[in-house]
Amino acid sequence: MVKESLKDIVFVRSDRHDIGYVLRICAIAALGGILFGYDTAVISGAVESLQAYFHLSPAEIGWAVSNVLLGCILGAAGSGWLADRFGRKPTLAVSAALFTGSAIGAALATGFTSFVVYRFIGGVAVGVASSISPMYMSEVSPKDMRGRALYMEQFAIVGGQLLVFIVNYLIARSASEQWLMTVGWRWMLGSEVIPCVIFCIAIFFMPESPRWHVLRGRDHDAMKTLTRISNERHARSVLTEIKDSLEHKVEASALGRAVSSRGARWIIFVGAMVAMLQQLTGVNSMMYYAPLLLGSVSGSVQNALFQTIWIGVASVSGAVLGSWVIDRKGRLPLFRIGSIGMIIGLLIASWALYTQTQGYSSLMGMLIYMLLFGLSWGPLTWVLIAEIFPNRIRGVGMSIAVSANWVMNFIVSQLFPMMAQNHRLDALFHGALPMWLFAGFTLLSWWFVERYIPETRGVALEKIESVMLTPKRRRTAAGMAPATPPADGLTDLAGRK
């Protein structure tokens with residue numbers, strides 16, 4: 001690996017990238033994020049109908065929602081091998097096909113078992129897309145706009161969630177409860193076919209990742225994409241940086257390379273912890289069960305679904321705001337602001353539920369939480385796990401981190417309805433207990449970031465490893481925190497003057 005002093009790792013700006021091209025190909029990859037959000041949130045509008053149609057117990061409701069997460073774990077676990085073996089683009093194409101088959105099958109399911117099987121297939125697609133989409137974006141984005149590009153993943157996820165909240169509401173708006181129970185939930189699940197088809201077509205218009213081409217020894221193909229992103233001189237500099245970062249590559253499996261290095265094991269641990277802590281903040285309990293939570297204080301199913309739309313709007317608003325400031329202010333300030341705001345929102349919502357306050361108090365707390373989550377933990381988790389892994393283990397590192405995310409998602413999603421609908425706990429806390437727990441875990445997550453996560457703003461992918469493996473006190477003493485870019489700071493994609 002290229003040696004450099006710690007002070008050489010600074011934030012720099014290049015005005016020589018084809019930003020429009022980068023955003024276009026990242027937008028195609030982000031369609032996987034839209035389906036990620038759509039597929040995981042579509043169940044929220046159908047939970048009560050499914051419970052009535054299939055006569056489900058609280059534990060079975062949790063299984064109807066969380067079984068898809070087991071598929072996510074499987075998809076994420078296998079995504080690294082698929083992406084390293086066949087490429088990022090073909091792997092995304094596989095996920096698009098699985099999304100389509102799952103949407104059709106779940107909408108037409110005649111029994112609970114077949115419904116679970118098709119939702120599980122959709123979970124595999126989500127697991128693959130949730131790993132490969134941000135990986136692809138990080139590998140094609142210049143370092144001084146990588147944060148903004150990766151925020152597209154979160155914007156796509158919450159955009160997909162908002163879209164399905166609106167679709168679910170429109171389907172349920174004038175419908176009877178009987179129609180929703182027998183037919184309406186099928187329309188909700190089947191509506192996913194439209195974005196699935198769009199994703200299947202759009203994939204053909206994106207190039208393969210240049211870093212994957214280098215991993216496979218196809219430098220000529222990598223140069224084509226790098227030159228399209230920037231220009232030939234910059235592209236050659238980036239190609240040299242990528243090849244230098246792989247100079248210690250050994251002929252072993254990706255997993256073998258990951259566990260053989262103490263530094264790599266530490267980076268994977270940090271990435272997996274960040275991914276798991278994101279779920280312990282409780283976001284997907286909000287997404288999957290929002291109508292259920294709001295039903296007790298909103299008056300009707302239709303009102304609860306309408307209020308859920310505003311939760312999606314808050315998520316999108318947070319992502320838009322975050323994308324504007326991330327490459328200006330960095331990752332850590334957003335983590336700090338977001339964590340504090342999320343705790344405040346959770347406490348407001350939990351108090352409204354605990355006191356059974358009618359009106360908009362519980363919704364207001366959820367909106368504050370989702371706005372700040374969309375600004376911070378939502379996108380920043382995907383930004384960090386997409387950029388902190390060295391090139392030689394990025395595939396397996398992303399697989400492990402994303403799998404850890406989905407494992408924790410499964411645990412939380414399975415336990416939440418069992419806690420929320422437990423008669424004894426409901427009598428004591430009226431559904432507020434889980435939110436108090438989420439507030440405590442958010443505080444723990446904030447501590448972990450402050451203790452172990454370095455600032456990665458403006459650091460080239462090939463140089464983040466050295467930042468991650470340097471103790472915090474040495475990073476501060478050596479000035480490794482990215483500095484303000486000089487007014488005329490033109491650099492190549494690799495970060496050189």
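Keep in mind that the numbers below use all heavy atoms, side chains included, and drop hydrogens, waters and symmetry copies.
- In this structure, CG on Leu332 lies 8.0 Å from CG on Leu384, to the nearest 0.5 angstrom.
- Looking at Gln161 and Ile157, their side chains come closer than 4.5 Å, going by heavy atoms from C-beta outward.
- A tilted orientation is assigned to the rings of Trp351 and Tyr354, their planes being inclined by 30° to 60°.
- For Met364, the CE atom sits in a loose shell: 12 or fewer heavy atoms of surrounding residues, nucleotides or ligands are nearer than 6.0 Å.
- Note that the CG atom of Leu367 and the CG atom of Leu371 stand 8.5 Å from one another [nearest 0.5 Å].
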*Can Phe120 and Val68 be said to form a side-chain contact (heavy atoms from CB on, under 4.5 Å), step by step?*
CA-CA 4 Å; Phe120 180 86; Val68 69; over 6 Å; no
*Do Trp212 and Phe86 pass the ring pair (Phe, Tyr, Trp, His ring centres under 6.0 Å) test, and can you show the C-alpha distance, the side-chain angles, and the key distance before you say yes or no?*
CA-CA 9 Å; Trp212 181 80; Phe86 300 105; 9.0 Å; no
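- Separating the CD1 atom in Ile344 from the OG1 atom in Thr442 is a distance of 11.5 Å, to the nearest 0.5 Å.
- Pairing each heavy atom of Phe54 with each of Gly111, the nearest pair is CE2-C, 3.5 Å.
- In this structure, the salt bridge (Lys or Arg N to Asp or Glu O under 4.0 Å) partners of Glu387, at least two apart in sequence or on a different chain, are Arg146, Arg331.
- Looking only at distances, no side-chain donor or acceptor of Ser339 sits under 3.5 Å from a matching main-chain atom of Arg336.
- Sorted by first and then second residue, the side-chain hydrogen bond (donor to acceptor under 3.5 Å, both in side chains) pairs with a member in residues 87-108 read Asp84-Arg88, Arg88-Glu139; sequence neighbours excluded.
- For Ile194, the CD1 atom is loosely surrounded, since the number of other residues' heavy atoms within 6.0 Å does not exceed 12.
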*Starting from the C-alpha separation in whole Å, work towards a yes-or-no answer on side-chain contact (heavy atoms from CB on, under 4.5 Å) for Leu98 and Val94.*
CA-CA 6 Å; Leu98 292 175; Val94 169; 4.1 Å; yes
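- Using a distance-only test at 3.5 Å, with no hydrogens or angles considered, no donor-acceptor pair links the side chain of Thr225 to the main chain of Ala222.
- Phe199 and Leu92 get closest at one heavy-atom pair: CE2-O, 3.9 Å.
- At a threshold of 4.5 Å between non-hydrogen side-chain atoms, the residues Tyr169 and Val164 do not count as touching.
- Summarising the geometry, atom OG belonging to Ser209 is positioned 11.5 Å from atom CG belonging to Asp221; distances are rounded to the nearest 0.5 Å.
- A distance-only check finds a donor-acceptor pair linking the side chain of Ser399 to the backbone of Gly80 [under 3.5 Å].
- Proximity of Pro142 to Val22: side-chain heavy atoms (C-beta onward) are separated by under 4.5 Å at one or more points.
- In terms of heavy atoms, Ala202 sits closest to Leu31 at CB-CD1, 3.6 Å.
- A ring-centre distance under 6.0 Å is not found for Phe165 and Trp310.
- Here salt bridge (charged side-chain N to carboxylate O under 4.0 Å, His left out) pairs that include residues 269-286, with residues two or more places apart or in two chains, number zero.
- With Leu277 as reference, Trp377 is the one residue of Trp447, Phe441, Trp377, Trp446 to meet the side-chain contact (heavy atoms from CB on, under 4.5 Å) rule.
- With hydrogens and angles disregarded, a donor-acceptor distance shorter than 3.5 Å links the side chain of Ser350 to the backbone of Leu347.
- Looking at heavy atoms from C-beta onward, Ile385 lies out of side-chain contact with Pro134 at the 4.5 angstrom threshold.
- Counting only distance, with no hydrogens or angles, the side chain of Arg216 and the backbone of Arg211 share no donor-acceptor pair below 3.5 Å.
- A 4.5 Å side-chain heavy-atom check between Ile104 and Glu192 finds every atom pair outside the cut-off.
- Here the CG atom belonging to Leu321 is positioned 8.0 Å from the CG atom belonging to Leu334, to the nearest 0.5 angstrom.
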*asked:* Working note: Tyr136 + Met206, criterion side-chain contact (heavy atoms from CB on, under 4.5 Å); need CA distance, chi angles, decisive distance, verdict.
replied: CA-CA 10 Å; Tyr136 178 88; Met206 61 189 290; 3.4 Å; yes
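- The backbone N or O of Gln278 lies less than 3.5 Å from no partner atom in the side chain of Thr381, so there is not a single donor-acceptor pair.
- Between Ile28 atom CD1 and Leu23 atom CG the span is 11.5 Å, to the nearest 0.5 Å.
- The ring pair (Phe, Tyr, Trp, His ring centres under 6.0 Å) search around Tyr53 returns Trp185, not counting sequence neighbours.
- Using the six-membered ring where Trp is involved, Phe410 and Trp63 have ring planes that are perpendicular, over 60° apart on the 30 and 60° scheme.
- Residues Val407 and Gln279 form no side-chain contact, since every pair of their non-hydrogen atoms from C-beta on lies 4.5 Å or further apart.
- Closest non-hydrogen pair, Ala52 versus Met181, comes out as CB-SD, 3.3 Å.
- Residues satisfying the side-chain contact (heavy atoms from CB on, under 4.5 Å) criterion with Ala93, sequence neighbours excluded, are Ile203.
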*Could you go step by step and tell me if Val274 and Phe448 meet the side-chain contact (heavy atoms from CB on, under 4.5 Å) rule?*
CA-CA 8 Å; Val274 170; Phe448 184 86; 4.1 Å; yes
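- Using a 4.5 Å heavy-atom cutoff, the side chains of Val126 and Leu35 are not in contact.
- The number of heavy-atom neighbours closer than 6.0 Å to OH of Tyr118, taken from other residues, nucleotides and ligands shown, is 12 or below.
- The aromatic rings of Tyr452 and Trp266 sit perpendicular, their planes meeting at an angle over 60°, well past the 30° parallel limit.
- No side-chain heavy atom of Leu380 sits less than 4.5 Å from a side-chain heavy atom of Leu375.
- Taking both residues in full, the closest heavy atoms of Thr281 and Ser445 are given as CG2-OG, 4.1 Å, listed atom of the first, atom of the second, then distance.
- Looking at every heavy atom in both residues, Ile368 comes nearest to Gly341 through CG2-O, 3.6 Å.
- Relative ring orientation between Phe36 and Trp406 is described as tilted, the plane-to-plane angle lying within the 30° to 60° band.
- Note on ring orientation: taking the six-membered ring where Trp is involved, the planes of Phe373 and Tyr369 are parallel (angle under 30°, cut-offs 30° and 60°).
- Ile171 meets the side-chain contact (heavy atoms from CB on, under 4.5 Å) test with Val167, Trp179, Trp187, Met188; sequence neighbours excluded.
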